[in-house]
Amino acid sequence: MSSQEVVSELNRYADRNTEFLSRVLAYGDTEARAYALALLSNGATAEDIDKIQAELDRIRRDLK
């Protein structure tokens, strides 16, 4: 698999799993968070990150 194909797969995964990634970032242990952040830094678009940030904001509001 070429590096472009890998990035494309990471991008698709990030786009389709923003809610899951948000939950990992909010509730996961250090290792899980590291994997989620690595995936996001290598494959997420600005739109994916915005979706995840919105979900994290919602989670934070629900915890109050």
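Hydrogens, waters and symmetry mates play no part in the numbers below; they use all other heavy atoms, side chains included.
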Check residues 21-28 and write down every donor-acceptor pair under 3.5 Å in which the side-chain atom is one partner and the other belongs to a residue at least two apart or another chain.
{"residue": "S22", "atom": "OG", "partner": "T18", "partner atom": "O", "Å": "2.8"}
{"residue": "S22", "atom": "OG", "partner": "I52", "partner atom": "O", "Å": "3.4"}

side-chain hydrogen bond (donor to acceptor under 3.5 Å, both in side chains) filter on Y35, not counting sequence neighbours, yields E31
#### Entry: N11 side chain to A44 backbone, donor-acceptor under 3.5 Å
no
_Please report the interatomic distance CD1(I49) to CD(Q53), rounded to the nearest 0.5 Å._
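Those atoms lie 10.0 Å apart.
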Separation between CZ (R58) and CD (E19), nearest 0.5 Å, reads 6.5 Å
Contacts of type salt bridge (Lys or Arg N to Asp or Glu O under 4.0 Å), residue R16, not counting sequence neighbours: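 For R16 there are no salt bridge (Lys or Arg N to Asp or Glu O under 4.0 Å) partners, ignoring immediate neighbours.
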ask   = Among all residues two or more places apart in sequence or in another chain, which pass the salt bridge (Lys or Arg N to Asp or Glu O under 4.0 Å) test with D29?
value =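 Scan of D29 (salt bridge (Lys or Arg N to Asp or Glu O under 4.0 Å), adjacent residues dropped) gives none.
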Do the side chains of L10 and F20 join up, straight or via other hydrophobic residues, at under 4.5 Å, putting them in one cluster?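 Cluster IDs for L10 and F20 match.
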Residues pairing under salt bridge (charged side-chain N to carboxylate O under 4.0 Å, His left out) where one sits in residues 44-53, two or more places apart or in two chains, turn out to be D15-K51, E47-K51
Quiz item: Mind checking what makes side chain to side chain contact (heavy atoms under 4.5 Å, CB included) contact with S2, not counting sequence neighbours?
Solution: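 Per chain and number, S2 pairs via side chain to side chain contact (heavy atoms under 4.5 Å, CB included) with Q4, E5.
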